[in-house]
Amino acid sequence: MKKIVLLSLALLVIVATNTWAQQTNGPKPSPPAIVTQKVGDANISINYNQPSVKGRTIGTNLEPMEGKVWRTGANNATVFETDKDIEVEGKGLAAGKYALFTLVNGKEWTIIFNKTWKQWGAFNYKEADDALRITVKAEEANPFAETLTFTISEKGKVTLWWGGSMVTFKVN
């Protein structure tokens, strides 16, 4: 009986190690990315994972889905960080880390800064933890953005490029 238990444990360790190694080696389907920029006195960064469209249809079999909160990336929730108090589209946001979520309603996108920044996806998202919400209009991305990309200009223009959409908001 002791040999069976030891053999079972050894087999479990081998399978678990092999599975973990397969998950951590090689290119990631949605690789990590970070963009940082000094805007005025504030250092701003967006830390996210970059999904790719890969022939799928955004809104049908690829996020964001109309009317549903999206993590604005893949894997962990996207993290927006500022080391100074700033304004986002004229509304105050205290220094700190925030999960950056979006909610799509046609051409209007609600950008959500949520206090619970360390979370997987949007599965545990709670509106009660929102620090700030702003609504902006999406424009057509030209060219089509195969991979989710954020940019931040020195003047505080934050742009999200995803599929056929370009969404911009101003920080200062």
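We use all heavy atoms of the structure for the numbers below, so side chains are in, but hydrogens, waters and symmetry mates are not. Start at 1 with the first residue, then count along the sequence.
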Output for pair (Ser45 OG, Glu81 CD), nearest 0.5 Å, gives 4.5 Å

Between Val171 and Phe80 the two heavy atoms that sit nearest each other are CG1-CZ, 4.3 Å

Q | Joint hydrophobic cluster, Ile46 plus Trp70, side-chain heavy atoms closer than 4.5 Å | A | yes

Nearest heavy-atom contact between Lys84 and Thr82 is O-OG1, 2.7 Å

One should read off an interatomic distance between Ser30 OG and Asn76 CG, to the nearest 0.5 angstrom, of 11.5 Å

Notebook entry, point to check: Do you reckon Phe169 sits in the same ILVMFWY cluster as Leu148, going by side-chain contacts under 4.5 Å, direct or chained?
Noted result: yes

When rounded to the nearest 0.5 Å, the distance separating CD of Glu66 from OG1 of Thr60 is 10.5 Å

Value for NZ (Lys137) from NZ (Lys107), rounded to nearest 0.5 Å, stands at 10.0 Å

(message) Is it the case that the side chain of Thr149 and the backbone of Thr147 share a donor-acceptor pair, with hydrogens and angles ignored and the cut-off at 3.5 Å?
(response) yes

Counting only heavy atoms not in Asn61, do more than 12 fall under 6.0 Å of its CG?
yes

- Query: Do side-chain atoms of Glu140 reach the backbone of Ser165 as a donor and acceptor pair under 3.5 angstrom?
  - Reply: no

Can you check whether Ile44's main-chain N or O pairs, donor with acceptor, with Gln37's side chain at less than 3.5 Å?
no

So CG of Asp41 and CG of Asn172: to nearest 0.5 Å the spacing works out to 11.5 Å

Heavy-atom nearest pair, Val53 first then Gly163, reads CG2-CA, 4.4 Å

Nearest heavy-atom approach of Lys54 to Pro29 is NZ-O, 3.9 Å

When every non-hydrogen atom of Tyr48 is compared with those of Phe150, the smallest separation belongs to OH-N, 3.1 Å

For Pro51 and Trp162, the nearest pair of non-hydrogen atoms, with its separation, is O-CZ3, 3.3 Å

Requested in this report: Would you mind reporting whether Lys68 and Glu63 have side-chain heavy atoms less than 4.5 Å apart?
Outcome: no

Donor-acceptor pairs are to be reported for all side-chain atoms of residues 88-105 against protein atoms at under 3.5 Å, with residues two or more places apart or in another chain.
unit_1: Glu89; atom_1: OE2; unit_2: Lys170; atom_2: N; d: 2.7
unit_1: Tyr98; atom_1: OH; unit_2: Ala94; atom_2: O; d: 2.7
unit_1: Thr102; atom_1: OG1; unit_2: Thr72; atom_2: OG1; d: 3.2

Taking the side chain as every heavy atom from C-beta outward, state whether Tyr125 and Asp130 have any atom pair closer than 4.5 Å.
yes

Quick one: side chains of residues 153-160, donor-acceptor pairs under 3.5 Å with protein atoms, not counting sequence neighbours, listed by atom name and distance.
unit_1: Ser153; atom_1: OG; unit_2: Lys155; atom_2: N; d: 3.3
unit_1: Ser153; atom_1: OG; unit_2: Gly156; atom_2: N; d: 3.4
unit_1: Ser153; atom_1: OG; unit_2: Lys157; atom_2: N; d: 3.0
unit_1: Thr159; atom_1: OG1; unit_2: Thr168; atom_2: OG1; d: 3.3

Worksheet entry | Common cluster, Val39/Ile111, ILVMFWY with side-chain heavy-atom separation under 4.5 Å | yes

Hphob cluster co-occupancy, Ile152 + Phe113, side-chain heavy atoms under 4.5 angstrom: yes

The reported gap from CD in Glu127 to CD1 in Ile112 (rounded to nearest 0.5 angstrom) is 7.5 Å

Is there a continuous path of hydrophobic side-chain contacts, each under 4.5 Å between heavy atoms, that joins Ile58 to Val167?
yes

